[in-house]
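Quick notes on the structure that follows.
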Protein chains: 2
Amino acid sequence: MFSKTCEYAIRATVLIAMEGRHGRRMSLVEIARSTGSPQAFTAKVLQQLARSGILDSTKGARGGFDLPPAKAKKVKLNMVVKAIDGDHVYKGCGMGLPQCNARKPCPLHDHFQQVRDDLRHMLESTDVHTLSLGLERGTTYLKR
Amino acid sequence: MFSKTCEYAIRATVLIAMEGRHGRRMSLVEIARSTGSPQAFTAKVLQQLARSGILDSTKGARGGFDLPPAKAKKVKLNMVVKAIDGDHVYKGCGMGLPQCNARKPCPLHDHFQQVRDDLRHMLESTDVHTLSLGLERGTTYLKR
DNA sequence: TGGAAATCGGACAAGAATGTCCTAATATTG
DNA sequence: CAATATTAGGACATTCTTGTCCGATTTCCA
């Protein structure tokens, strides 16, 4: 569904949001460890998220990544997905046609419509702050 | 959503089903041309589908691939997807956790549930024969 | 003010997905 | 039976994704 890179991005963002609730900032090392993601690669992903304005990053000693609650409430999943994978997932054609729309639909177009709309709606209405709550309560998990 | 390979597979299968309605068999060359897919690669995809029992293939001159209507009605999209991509799309975890289930869910698990169920249901209830009808009527298309 | 701790970013490496090419096998047809 | 048309399948090539490494830069702190 999403690229592996995007999965790392989502995991990291939710985790950082959880720490952000306590005003804490996380280092790359902690993030990679807690999400079970390869460190160097995660660094790239975090950079992308920071450049996209989704995360705040601070360089230098005691630096790291953070996402304060106020901001986390405004960061919807679709922003993360879009920053990494683009919006192809919930906009592109299920059969891969470059131009597929209501006027010239692929055979799957109508059947896919609802699924895609559902997905898009879910991604647009789910914010990172909400997702971080379960993590904190211990009712959801980031590593197997 | 699906791999490119899987997209080719779906396109080809629907096309072949359309021809199958007239008792016709299609050659690789025709299939690749009509779906706008690379020929040699499409050959591999068709082989996979034939080996999976989704298509019937005939070797030799006047050979090709075919899918008679009776069979096309029984071939659901999920079979094609499963044969090529596996069932990861509508079974795997949205955040990529190897073990994610109701007992130990990822933060997205519940939010994803509905989308995945929708997708699974759509794939399981849509058969290739039905999809081929629109193509034949000219209300749906396989190439941009 | 210098060393340590951290992100940034570019270059490179490994692996997976996609795509091509060639030969073998098989069936049809003249 | 020979020539031709076609799928089967292995080996290889290319491109994209995923992943590593290293030096530069920035910031903190003793």
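Only this structure's heavy atoms are used, side chains among them; waters, hydrogens and symmetry mates stay out. Fair warning: this is a prediction, and the values are worked out from it, not measured in the lab. Reminder, nothing fancy here: chain letters follow the sequence lines and each chain counts from 1.
For D:dG19, the OP1/OP2 oxygens have a side-chain nitrogen or oxygen of A:K4 closer than 4.0 Å. Put simply, B:S57 has a side-chain N or O that comes within less than 4.0 Å of OP1 or OP2 on D:dA8. Dashed line: the shortest gap from a side-chain N or O of A:T5 to OP1 or OP2 of D:dT18 is under 4.0 Å. Dashed line: the shortest gap from a side-chain N or O of A:R51 to OP1 or OP2 of C:dC8 is not under 4.0 Å. For B:Y8, a side-chain nitrogen or oxygen approaches OP1 or OP2 of C:dG19 to under 4.0 Å.
Checking C:dA6, D:dG19, D:dC28 against the side-chain heavy atoms of A:R62 singles out D:dC28 as nearest. Nearest to the side-chain atoms of A:Q47 among the listed nucleotides C:dG9, C:dA25, D:dA11 stands C:dG9. The side chain of B:K59 sits closest to D:dT7 out of D:dT7, C:dT20, D:dT25. Proximity note for A:F65 (side chain, C-beta onward) versus C:dC8, D:dA8, C:dG9: the nearest is C:dC8. Side-chain atoms of B:L28 lie closest to D:dT7 of the nucleotides C:dT20, D:dT7, D:dC21. Which of C:dT29, D:dT27, D:dT20 sits closest to the side chain of A:A61 comes down to D:dT27.
Checked against B:I16 for a side chain to side chain contact (heavy atoms under 4.5 Å, CB included), the options B:D56, B:T35, B:V128, B:L55 give a single hit: B:L55.
Spacing between atom CZ of A:R25 and atom P of C:dA5 amounts to 17 Å, rounded to whole angstrom units. The distance from atom CD of A:Q48 to atom P of C:dG9 is 11 Å, rounded to the nearest whole Å. Rounded to whole angstrom, the span from the CD1 atom of B:I84 across to the C1' atom of C:dA16 amounts to 16 Å. B:L46 places its CG atom 8 Å from the P atom of D:dA8, with the value rounded to the nearest Å. The distance from atom CD of B:Q39 to atom P of D:dA8 is 14 Å, rounded to the nearest whole Å. The nearest whole Å value for the distance from the CD atom in A:E7 to the C1' atom in D:dT18 is 12 Å. Distance A:D56 CG to C:dT7 P: 14 Å, rounded to the nearest Å. A straight line from CG of B:L49 to P of D:dT7 spans 14 Å, rounded to a whole angstrom.
Of the residues near DNA chain D, A:A40 and B:T58, the one whose nearest nucleotide (by heavy atom distance) lies more toward the 5' end is B:T58. Checking B:A50 against A:F41, the closest nucleotide of DNA chain D that is more toward the 5' end is the one next to B:A50.
Residues A:E30 and A:R25 have side chains not in contact (no heavy-atom distance under 4.5 Å, counting atoms from C-beta outward). Proximity of B:C106 to A:Y141: side-chain heavy atoms (C-beta onward) are nowhere separated by under 4.5 Å.
For A:R62, the CZ atom counts as loosely surrounded, since its 6.0 Å shell holds 12 or fewer non-hydrogen atoms of other residues, nucleotides or ligands.
Checked by atom type and distance alone, the side chain of B:R116 pairs as donor or acceptor with a backbone atom of B:G92 at under 3.5 Å. Proximity of a side-chain donor or acceptor of B:T140 to a complementary backbone N or O of B:L135 within less than 3.5 Å is detected.
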